[in-house]
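Data block below; observations after.
Residue numbers start from 1 in every chain, and the chains themselves are labelled A, B, ... in the order their sequence lines are given, proteins ahead of strands. Owing to the predicted nature of the structure, the values given are computational and were not obtained by experimental measurement.
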Amino acid sequence: MGEFLAAVTGRGLVALEIGSDRPFMLNALRARLPQADLIESPSELRDVVSEIVRVIDDPARQSQFHVPLDLRGTPYEIQVWSMLRSIPAGETTSYGTLAARMGTSDAREITKAIAANPIAVLVPCHRVIKTDGSISGYRWGVARKRELLAREQRGRPFELS
DNA sequence: GAATTGTCACCAG
DNA sequence: CTGGTGACAATTC
């Protein structure tokens, strides 16, 4: 899937990026949290990383605990991200459906909020696809979105029409 | 699948 | 204000 970059604050996980260029990802992180003093400490992230690995490796199995998330965004974005977290593994929704649940008819408002999601996988924005069922875009590459969905579908292959 | 059209918040100029 | 632009949607071939 590529390299993962996880970052936590005192409140919880604040970023989870996927990519291939470590220095570039670090720069992006610094750009997003200019005030932050970055400390590399793999040992302190051990629990977080193990949960991420578990969610990716075996999405069907419910994860044993939840890493607290330090969601930073507009209230609207945070509300959208919370909805995403209620989508179970193996299921998908469309932008339009979420829009309706938020009371707007414009799927693009939702799209923007979702696209701003800083926490890959644990905020499952990859479970949102187009109304016709086709895979839409993904900040971290459509190929990764497809891979994540394929892994989640694998756990429940008989629900595919 | 691909192409076309409708549509609208957002942003740069 | 104008024009370009989307992690969209509905329709059509």
### Query
side-chain contact (heavy atoms from CB on, under 4.5 Å) with A:Asp70: which of A:Val8, A:Leu13, A:Thr9?
A:Thr9
### Task
Keeping the roles fixed (side chain from A:Arg139, backbone from A:Asn117), state whether a donor-acceptor pair exists under 3.5 Å.
yes
### Query
Quick one: OG on A:Ser136 to NZ on A:Lys145, what's the gap to the nearest 0.5 Å?
3.5 Å
## Note on the structure
A:Arg139 atom CZ is separated from C:dA7 atom C1', nearest whole Å, by 10 Å
### Query
Distance-only, no hydrogens or angles: does the A:Lys112 side chain make a donor-acceptor pair with backbone N or O of A:Glu77 under 3.5 Å?
no
### Task
Applying side chain to side chain contact (heavy atoms under 4.5 Å, CB included), run through A:Tyr76 and A:Met102 and close with a yes or a no.
CA-CA 9 Å; A:Tyr76 185 80; A:Met102 287 291 290; 3.4 Å; yes
Name the pairs: protein N/O against N/O of nucleotides 9-13 of chain C, kept only if under 3.5 Å.
from, atom 1, to, atom 2, distance (Å)
C:dA9, OP1, A:Gly96, N, 2.9
C:dA9, OP1, A:Thr131, OG1, 2.9
C:dA9, OP2, A:Thr131, N, 3.2

## Note on the structure
Pairing string of DNA chain C (Watson-Crick or G-U wobble, both atom distances under 3.5 Å; | = paired to other strand) is ||||||.||||||
### Task
Would you kindly give the CD-to-P distance between A:Glu77 and C:dA7, to the nearest whole Å?
14 Å
### Query
If only atom types and distance count, is the side chain of A:Trp81 paired as donor or acceptor with the main-chain N or O of A:Ala113 below 3.5 Å?
yes
### Summary
Rounding to 0.5 Å, atoms CG (A:Leu69) and CZ (A:Arg11) come to a distance of 11.0 Å
## Note on the structure
One should read off an interatomic distance between A:Ile110 CD1 and A:Met83 CE, to the nearest 0.5 angstrom, of 5.0 Å
## Note on the structure
Separation of B:dG1 atom C1' from A:Arg146 atom CZ, nearest Å, is 12 Å
Filtered N/O pairs between nucleotides 3-8 of chain B and protein, under 3.5 Å:
from, atom 1, to, atom 2, distance (Å)
B:dT7, O2, A:Arg108, NH1, 2.5
B:dC8, O2, A:Arg108, NH1, 3.4

### Summary
Whichever of A:Ser134 and A:Glu109 has the more 5' nearest nucleotide on DNA chain B, that residue is A:Ser134
### Query
For A:Arg151 and A:Glu147, what are the C-alpha separation, side-chain angles and deciding distance, and is it a side chain to side chain contact (heavy atoms under 4.5 Å, CB included)?
CA-CA 6 Å; A:Arg151 283 166 176 268; A:Glu147 171 68 15; 2.7 Å; yes
### Message
Tell me if a side-chain donor or acceptor on A:Arg127 pairs with a main-chain N or O of A:Glu91 at a distance below 3.5 Å.
### Response
no
